[in-house]
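Whatever order the structure lists ligands and atoms in, that order sets their numbers, starting from 1. Numbering of residues begins at 1 and proceeds along the displayed sequence.
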Amino acid sequence: MADGAIVDDYRIRQSVPTIEALLAAGAEQIVIVSHLGRPKGTPDPRFSLAPIAEALATVLGRPVPLVPLPPAGSPVEQIVLLENVRFDPGETTNDPAFAAALAALADVYVDDAFGAVHRTHASVRGVADLLPSAAGLLLEREIAVLSRVLASPERPSVAIVGGAKVSDKLTVLDRLLQEVDMVLIGGAMCFTFFLAKGLEVGTSLAEPDRIEDVRRLMVEAGDRLVLPVDVVCAFAMEQTAQTTTVAVDQIPAGQAGYDIGPRTIARYSAAITDAKTVLWNGPMGVSEVDSFAEGTRAVAEAVANSDAYSVVGGGDSVAAIERFGFAEQVDHVSTGGGAMLEFLEGKDLPGLIPLRA
Ligand code: ADP
Ligand code: MG
């Protein structure tokens with residue numbers, strides 16, 4: 001959302017098949033529970049689900065009234081959207097009383113929120129522990145797709161990992177390096193690898209306290225871990241900044257690397273073209289700024305044109321691939337960011353455990 005308006009309704013549209021399946025199966029009433037942003041356990045109009053209720057009504061072609069939290073009495077319409085559950089402090093603490101209040105709204109719980117299954121929250125875990133529970137169609141598909149690319153990928157399989165902080169992605173890198181044939185690194189996280197190699201990175205975003213971790217990764221991975229060979233540098237992360245493209249051992253003092261360069265793009269695109277499976281999380285550069293978006297755009301194009309089975313996840317990565325117009329050519333665009341990473345890490349996600357029982 002931007003300025004109170006929905007700019008991307010992908011997750012809303014993805015929730016429709018389960019809602020329609022429930023209606024077709026004869027559900028008398030569907031109470032949709034969701035959250036938006038981090039309102040800190042108190043009502044905050046900036047995070048109201050009112051615009052979501054409107055958008056959902058449009059895609060469903062039926063009225064979807066927004067009901068307050070906690071609902072006073074039983075809502076009468078067949079489909080209702082409960083106001084942002086994070087307006088109640090009991091949501092994120094998985095408070096038993098709040099979970100019980102949510103559970104009292106229904107006979108059966110269906111979890112279709114893949115993006116939240118890594119949270120031990122009342123609407124994710126607490127309710128599932130109280131009611132007969134099942135995975136929705138979207139959640140089921142997310143798990144099936146990610147399991148497939150991890151456990152039985154068609155080879156060669158290539159993972160592309162970018163984004164801001166290597167510390168967020170060390171565990172997933174570790175796991176991916178065991179499962180896939182090649183990991184292409186982009187985004188700011190490459191600079192911690194360059195520090196580990198003893199290169200100067202100027203003012204690039206890097207995490208010196210993670211040098212030992214990335215050194216260990218490099219040793220274990222050998223040539224399956226691929227780093228950029230050139231980067232686009234500037235004094236500032238601004239559209240108007242003068243940019244220079246240099247080899248990674250030539251980053252000018254006082255400047256930072258904000259995107260991968262053309263030689264890296266060519267290498268990464270070739271690897272993606274040859275791949276049979278591609279898994280992508282994290283932009284190759286500061287893709288929100290046009291001057292530093294070409295690496296992400298070009299990699300998105302390579303993924304879109306590749307015959308590989310392709311999966312893209314992560315809030316910023318998905319936003320970029322949609323903005324560049326390649327989302328339709330990707331086999332699976334995940335609705336999970338953090339949840340996808342934790343699933344790929346091999347964690348037993350708290351929201352999935354009660355669904356198996
Ligand atoms: P996702 O949301 O897809 O998981 P992340 O949140 O991990 O991705 O990373 C996206 C962020 O990384 C963006 O805000 C982007 O500006 C930032 N980023 C990528 N490359 C660089 C870079 N070279 N320098 C600074 N920030 C970067
Ligand atoms: Mg992000």
Under 4.0 Å from any heavy atom of [X], which atoms of ligand 1 are there?
| X | answer |
| --- | --- |
| Gly282 | 3 (O), 8 (O) |
| Gly314 | 1 (P), 2 (O), 3 (O), 4 (O) |
| Pro283 | 3 (O), 8 (O), 9 (O), 10 (C) |
| Lys169 | 4 (O), 5 (P), 7 (O), 8 (O) |
| Tyr258 | 23 (N), 24 (N) |
| Gly315 | 1 (P), 2 (O), 3 (O) |

Heavy-atom distances under 4.0 Å are what count here, so tell me which part of Leu341 touches ligand 1: side chain, backbone, both or neither.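 Neither part.
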Test of understanding: given a 4.0 Å heavy-atom threshold, classify the contact between Lys165 and ligand 1 as side chain, backbone, both, or neither.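 For Lys165, there is no contact with ligand 1 at all, from either part.
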Looking at ligand 1, does Met189 have a heavy atom less than 4.0 Å from it?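 No heavy atom of Met189 comes that close to ligand 1.
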May I ask whether Gly337 has any heavy atom positioned less than 4.0 angstrom from an atom of ligand 1?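 In this structure, Gly337 fails to qualify as a contact of ligand 1 - no heavy atom is under 4.0 Å.
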What is the nearest protein non-hydrogen atom to [atom], stated with its residue, atom name and distance?
| atom | answer |
| --- | --- |
| atom 18 (N) of ligand 1 | Gly285 O, 4.0 Å |
| atom 23 (N) of ligand 1 | Gly257 O, 3.0 Å |
| atom 22 (C) of ligand 1 | Ala188 CB, 3.4 Å |
| atom 3 (O) of ligand 1 | Ser317 OG, 2.4 Å |
| atom 14 (O) of ligand 1 | Glu288 OE2, 2.8 Å |
| atom 1 (P) of ligand 1 | Asp316 N, 3.6 Å |
| atom 17 (C) of ligand 1 | Ala164 CB, 4.0 Å |
| atom 27 (C) of ligand 1 | Val286 CG2, 3.6 Å |

Ring-face cation of Arg148 near Tyr309 (centre distance under 6.0 Å, axis angle within 45°):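 Here Arg148 passes the 6.0 Å and 45° test against Tyr309.
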Look only at interatomic distance and state if Gly187 has a nitrogen or oxygen under 3.5 Å from any nitrogen or oxygen of ligand 1.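 N/O-N/O distance below 3.5 Å does not exist for this pair.
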Give me the atom names and distance for the closest heavy-atom approach of Phe98 to Gly90.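 That would be CD2-C, 3.6 Å.
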4.5 Å side-chain heavy-atom contact, Ser133 and Val110: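 No, their side chains stay 4.5 Å or more apart.
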So, do Phe326 and Val303 sit near enough that their side-chain heavy atoms are less than 4.5 Å apart?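 They are not in contact (no side-chain heavy atoms under 4.5 Å apart), so the answer is no.
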Could you check whether Thr335 and Glu142, counting side-chain N and O atoms only, form a donor-acceptor pair closer than 3.5 Å?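 Side-chain D/A pair, Glu142 to Thr335: present.
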Establish, from distance only, whether the side-chain atoms of Glu154 and Thr277 form a donor-acceptor pair under 3.5 Å.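 No, no side-chain donor-acceptor pair sits under 3.5 Å.
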Out of the candidates Asp174, Leu341, Leu344, Leu176, only one should pair with Lys169 under the side-chain contact (heavy atoms from CB on, under 4.5 Å) rule; please name it.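 The residue from Asp174, Leu341, Leu344, Leu176 that satisfies side-chain contact (heavy atoms from CB on, under 4.5 Å) with Lys169 turns out to be Leu341.
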Give the C-alpha distance, both sets of side-chain angles, the deciding distance and a yes or no for side chain to side chain donor-acceptor pair (under 3.5 Å) between Thr18 and Asp112. CA-CA 8 Å; Thr18 296; Asp112 218 14; 2.6 Å; yes
Test side chain to side chain donor-acceptor pair (under 3.5 Å) on Thr264 and Asp230; report intermediate values, then the result. CA-CA 6 Å; Thr264 307; Asp230 56 351; 2.5 Å; yes
So, are Glu212 and Arg216 salt-bridged, with charged N and O less than 4.0 Å apart?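 Result for this pair is no, no salt bridge flagged.
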Between Asp44 and Lys40, is there a side-chain N and carboxylate O pair less than 4.0 Å apart?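 Result for this pair is no, no salt bridge flagged.
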Can you name the N/O/S atom of Asp316 that is nearest the Mg ion (ligand 2)?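 In Asp316, the N, O or S atom with the shortest distance to the Mg ion (ligand 2) is OD2.
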Evaluation steps, side chain to side chain donor-acceptor pair (under 3.5 Å), between Glu207 and Thr192: CA-CA 6 Å; Glu207 294 174 273; Thr192 305; 4.7 Å; no
